[in-house]
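The structure under discussion appears below in the form of structure tokens.
This is a predicted model, so every value here is computed, not measured. The chain is numbered in sequence order, starting from 1.
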Amino acid sequence: MIPARPDWAFFFDIDGTLIEIADTPGGVQVDRALQQLIVDLHTSTAGAVALISGRTIDDIDRLFPMTLLPVAGQHGVERRDALGEVSHHAFPSQRLEWAYRRLARLAEEHPGLLLEHKGLSLALHYRRAPHLARYALRVARSLLPRLGSRYCLQSGKCVVELKPAGKDKGLAIQEFMREEPFRGRTPVFVGDDTTDEFGFAMVNRLHGHSVKVGPGPTAAEFRLRNVPLVRDWLRRTLTPPRRA
């Protein structure tokens, strides 16, 4: 990885990037050292740090309670800017409730599936039952015709999601970059999943730096092998080498 510069704006995915992926979304814990690392980076960049996640904003705040960070939740469907203003992407919620009831019945019939209602989107997790991957994808896709064009399907690591169309992690980064304190800085996005490819593509277009964590094909410019190496890089970013 290239050394960080003081004019960078940092954007991070969470699961698989800053923390290891757990069997269930609620099974993760963020240690105090990582919380402090993000707070210190937020301070050193004058606030130009944002978390871009499939998790909800409330869930992100639970994991990082030490300061009110700019965040984009549910892959950009909800966003809180640096001033604390929260915006939500408009969508027909009644259709989502119908899809939730349908998926809930199917999840009950297949042990290992976990359905998560995020408020603006639905996530069907199959990490505890990887043999059901194709089934989960097929079932979620079958609901799209009735949900209509204002919804879309999004696949990630051991999860398939139904979410409002028109928002993604790349667009969330673009929205942040139009605002202070991000405006005029070089964007840097670090992520690990297929959902993060939208973010990689955006920062590449903005002449920033994209960083893929782990294996797999990607549009990212750089790669870090695992979560510990991401943390090591952040620590080095906050502790520049001493001059001889």
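- Both cation-pi conditions hold for R146 and W98: the charged atom is under 6.0 angstrom from the six-membered ring centre and inside a 45 degree cone around its axis.
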Hey, mind stepping through V49 and F12 against side chain to side chain contact (heavy atoms under 4.5 Å, CB included) and telling me if it holds? CA-CA 8 Å; V49 173; F12 298 101; 4.2 Å; yes
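- Judged by distance alone, the side chain of R150 and the main-chain N or O of A165 form no donor-acceptor pair under 3.5 Å.
- Taking the six-membered ring for Trp and the full ring otherwise, F189 and F10 have centroids separated by 6.0 Å or more.
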Mind running side chain to side chain contact (heavy atoms under 4.5 Å, CB included) on Y126 and L137 for me, showing each step along the way? CA-CA 10 Å; Y126 52 86; L137 181 61; over 6 Å; no
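- Using a 4.0 Å cut-off between a side-chain N of Lys or Arg and a carboxylate O of Asp or Glu, E221 and K212 do not qualify as a salt bridge.
- Note that the CG atom of L144 and the CG atom of L153 stand 5.5 Å from one another [nearest 0.5 Å].
- Put simply, the side chain of Y151 does not reach to within 4.5 Å of the side chain of L122, judged on heavy atoms.
- Judged purely by distance below 3.5 Å, without hydrogens or angles, the side chains of H125 and E116 pair a donor atom with an acceptor atom.
- One finds the CD atom of Q35 at 6.0 Å from the CE atom of M66 (value rounded to the nearest 0.5 Å).
- Under the 4.5 Å side-chain criterion, counting only non-hydrogen atoms from C-beta, R128 is in contact with L114.
- Considering D192, D13, D193, D23 as possible partners of K157, the one that fulfils the salt bridge (Lys or Arg N to Asp or Glu O under 4.0 Å) test is D192.
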Test side chain to side chain contact (heavy atoms under 4.5 Å, CB included) on H88 and V77 and set out the steps. CA-CA 6 Å; H88 298 88; V77 177; over 6 Å; no
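- R105 and E108 are not joined by a salt bridge, as no carboxylate oxygen comes within less than 4.0 angstrom of a charged side-chain nitrogen.
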Derivation and outcome, salt bridge (Lys or Arg N to Asp or Glu O under 4.0 Å), residues R55 and D61: CA-CA 10 Å; R55 292 178 177 271; D61 287 345; over 6 Å; no
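- Summarising the geometry, atom NE2 belonging to H89 is positioned 12.5 Å from atom CD belonging to E78; distances are rounded to the nearest 0.5 Å.
- Note that the CZ atom of F11 and the CD1 atom of I173 stand 6.0 Å from one another [nearest 0.5 Å].
- Under the 4.0 Å criterion applied to side-chain N and carboxylate O atoms, K163 and D168 are not assigned as salt-bridge partners.
- The line from CG of L106 to NE2 of H110 is 7.0 Å long, rounded to the nearest 0.5 Å.
- Between R62 atom CZ and I57 atom CD1 the span is 14.5 Å, to the nearest 0.5 Å.
- Cation-pi geometry between R79 and F176 is satisfied (NZ or CZ under 6.0 Å from the ring centre, within 45° of the ring normal).
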Taking it one step at a time, do K167 and E175 satisfy salt bridge (Lys or Arg N to Asp or Glu O under 4.0 Å)? CA-CA 11 Å; K167 292 289 185 179; E175 290 168 350; 2.5 Å; yes
